[in-house]
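Have a look at the structure below before the remarks.
Chain A is the first sequence line, chain B the second, and so forth, proteins listed ahead of strands; every chain is numbered from 1.
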Number of protein chains: 2
Amino acid sequence: MPGTDTTLIALDWGSTQLRAYRLGDAGAVQELRTSGDGASRISGGATGFEDALRRLAGDWLDSGAPVLGCGMVGSAHGWREAPYVDCPLALDALHQHLVPVVMTGGGTLHLVPGLRDRGAEDGLPDVLRGEETQLAGLLAAQPAASSAGLTVVLPGTHSKWVRLRAGRVDGFATHLTGELFALLREQSVLGRLMVAGAAFDGAGFDRGVAAARQSRDLTRLLFSVRSLGLLGELAPEALESYLSGLLIGAELAAALCTIVPEAPIALVGEPTLGELYRRALALAGREARLHTAPLAADGLWHIARGAGWV
Amino acid sequence: MPGTDTTLIALDWGSTQLRAYRLGDAGAVQELRTSGDGASRISGGATGFEDALRRLAGDWLDSGAPVLGCGMVGSAHGWREAPYVDCPLALDALHQHLVPVVMTGGGTLHLVPGLRDRGAEDGLPDVLRGEETQLAGLLAAQPAASSAGLTVVLPGTHSKWVRLRAGRVDGFATHLTGELFALLREQSVLGRLMVAGAAFDGAGFDRGVAAARQSRDLTRLLFSVRSLGLLGELAPEALESYLSGLLIGAELAAALCTIVPEAPIALVGEPTLGELYRRALALAGREARLHTAPLAADGLWHIARGAGWV
């Protein structure tokens with residue numbers, strides 16, 4: 001029966017997808033519903049967002065349970081902007097920065113803000129939105145994990161490297177790696193020599209990682225995908241994995257310079273990409289633990305608990 | 001009257017365009033004709049190429065003058081492959097490696113080969129095709145220019161850095177800079193915050209060059225286009241120039257490490273892009289002379305003279 005045992009309605013609302021969790025007494029997922037109504041696909045402003053939410057989970061809203069959302073729904077082009085909060089920030093303090101949105105149809109949704117790193121170290125500011133909730137979920141399960149310092153890597157379209165210490169986000173850096181890979185494979189001259197849908201080629205990937213560790217000249221390294229292909233030094237089936245190795249290797253070579261050599265590394269993401277990062281980190285002599293379970297619902301539950309709602 | 005005073009028919013035949021020059025007694029251009037029949041746009045193999053050439057310059061061929069072509073027409077997917085010749089190679093020896101193509105309709109075309117750098121220094125081989133002829137043209141005008149060492153930079157979709165000494169190509173490196181810029185501006189999340197068609201923003205460009213000189217972490221630098229835009233630290237009108245500065249700056253920062261600090265630098269290319277490179281080089285404390293005149297016809301004339309045809 002919808003509405004029964006509904007303690008929190010938790011929304012992981014990204015650019016391209018809306019994932020709604022109905023959570024029970026102890027934060028256990030009672031039900032998950034997803035739709036393609038991502039924040040970047042909704043028109044009509046606040047009305048469009050509320051309509052999308054009611055279409056997917058209107059019956060849950062009738063329960064009167066609190067509603068908490070994270071992700072691009074809180075961006076400047078989302079339902080309402082939840083302004084970035086500056087680092088360093090204790091993840092346990094996120095609930096103090098929630099932005100309320102009173103819904104036309106009744107009830108109030110709260111939005112989790114993103115984080116800003118002002119870039120004091122190198123003059124380059126940075127932002128994230130959504131990952132703060134995943135981090136809260138990661139630490140909720142193992143509160144002591146970051147006590148002596150922990151680097152969390154969240155690979156993806158825009159890969160994040162987050163420095164945690166004692167439950168606090170000290171700073172972070174974003175790399176355009178995933179988006180670059182997709183663009184270069186699908187739209188550039190480099191993709192023309194590749195075999196579409198080729199299986200992962202471990203030797204090609206490792207060669208890319210090694211090349212990127214040896215040279216920091218990424219614009220040149222990228223052209224080597226073409227040269228090695230044209231000259232027959234890498235098989236067409238290996239070129240995509242080589243490109244992937246170059247890009248992930250370049251990200252790692254740069255990012256590893258900025259963190260404490262001994263600090264443990266946690267990888268958070270889907271298994272296939274997470275495994276590539278784990279492999280590349282191993283080539284650099286670094287072990288990393290891979291967390292593949294979704295963390296947004298856990299994080300939202302943890303934030304709601306901080307707010308005293310559950 | 002076509003055919004009169006035709007000493008050499010010189011073809012600059014790239015991927016997207018065919019430029020045919022009718023050269024007179026002293027190599028002076030009598031006539032230039034262009035078509036969109038680039039090597040990547042021709043189907044039907046050799047017949048397709050010969051048809052395209054006859055459509056554009058069939059009346060010139062009747063003169064019986066020698067025909068010499070360079071560029072992608074000599075690639076594996078061109079009219080006929082003119083295999084890469086290894087560096088180091090004296091530009092004066094290019095004529096020894098011409099590949100003849102007997103035309104069905106009478107006459108013989110010769111193709112200039114591209115060059116290969118086997119990558120002995122860093123294990124990354126590299127190739128160029130077409131630029132060898134521009135280099136021959138550059139040195140034909142000033143044979144002593146490379147006597148003590150000269151770096152020639154040919155910016156573009158695939159930017160080339162060529163190390164010359166005493167008329168010889170010692171080696172070269174290609175950077176994917178121009179293609180990356182176009183992809184990121186037109187297809188990536190970075191383009192979304194930009195103002196299409198904004199005027200060049202000098203301060204934004206210089207900031208990008210400076211950032212790329214300070215950090216070699218290109219995947220991260222690229223995301224700063226978004227962060228600076230989202231946070232309002234760079235105006236939407238400046239973001240495109242900042243991205244351009246980041247990419248050209250990254251290419252320069254890497255490439256300048258590989259050449260002799262005192263070696264003179266020549267820039268070869270169209271004025272707008274050439275000027276951006278000149279500006280970025282100046283920020284790195286390096287002067288460069290910019291050559292904007294087309295060099296292919298001069299180079300083909302010089303190669304034909306080496307062969308004893310003119």
Open item on the list: Are B:Leu190 and A:Glu179 packed together at the side-chain level, in the sense that at least one heavy-atom pair is separated by less than 4.5 angstrom?
Closed with: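 With C-beta onward as the side chain, the pair stays apart.
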Task: More than 12 heavy atoms of other groups within 6.0 Å of A:Arg118 CZ - done: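 No, the 6.0 Å shell around CZ holds no more than 12 heavy atoms from other groups.
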Open item on the list: Before you tell me yes or no, could you show the steps for A:His158 and B:Phe223 under ring pair (Phe, Tyr, Trp, His ring centres under 6.0 Å), namely the whole-Å CA-CA distance, both residues' side-chain angles and the distance that decides it to 0.1 Å?
Closed with: CA-CA 8 Å; A:His158 300 157; B:Phe223 191 76; 5.1 Å; yes
TODO: Measure the CD1-OG1 distance between B:Ile248 and A:Thr219 for me, rounded to the nearest 0.5 Å.
DONE: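 Between atom CD1 of B:Ile248 and atom OG1 of A:Thr219 there are 10.5 Å.
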- [ ] With rounding to the nearest 0.5 Å, note down the distance linking CG in A:Leu176 to CZ in B:Arg226.
- [x]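 A:Leu176 CG to B:Arg226 CZ: 10.0 Å, rounded to 0.5 Å.
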Task: Residue B:Val189 versus chain A: region with a heavy atom under 4.5 Å - done: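 For B:Val189, backbone and side chain are both near chain A.
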Option in [options] with maximal non-hydrogen atom pairs under 4.5 Å from chain B:
options	result
A:Leu124, A:Thr174, A:Asp117	A:Thr174
A:Asp126, A:Leu218, A:Thr177	A:Asp126
A:Ala250, A:Ser188, A:Ser224	A:Ser188

- [ ] Using a heavy-atom cutoff of under 4.5 Å, enumerate the residues of residues 229-239 of chain B that contact chain A, numbered in order, or state 'none'.
- [x]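 Hits under 4.5 Å: B:Leu230, B:Leu231, B:Glu233.
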TODO: Could you tell me whether B:Arg220 and A:Asp122 make a salt bridge, using a distance below 4.0 angstrom between a side-chain N and a carboxylate O?
DONE: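 Yes, this pair counts.
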- [ ] List the atom of B:Pro125, the atom of A:Ser227, and the distance in Å for their closest heavy-atom pair.
- [x]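 B:Pro125 and A:Ser227 have their closest heavy atoms at O-CB, 3.3 Å.
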Task: B:His175 vs A:Asp217, side chain to side chain contact (heavy atoms under 4.5 Å, CB included): CA-CA, chis, key distance, verdict - done: CA-CA 9 Å; B:His175 298 256; A:Asp217 189 352; 3.3 Å; yes
TODO: Please check if the side chain of A:Gln187 supplies one atom and the backbone of B:Leu183 the other of a donor-acceptor pair under 3.5 Å.
DONE: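 A pair under 3.5 Å: no.
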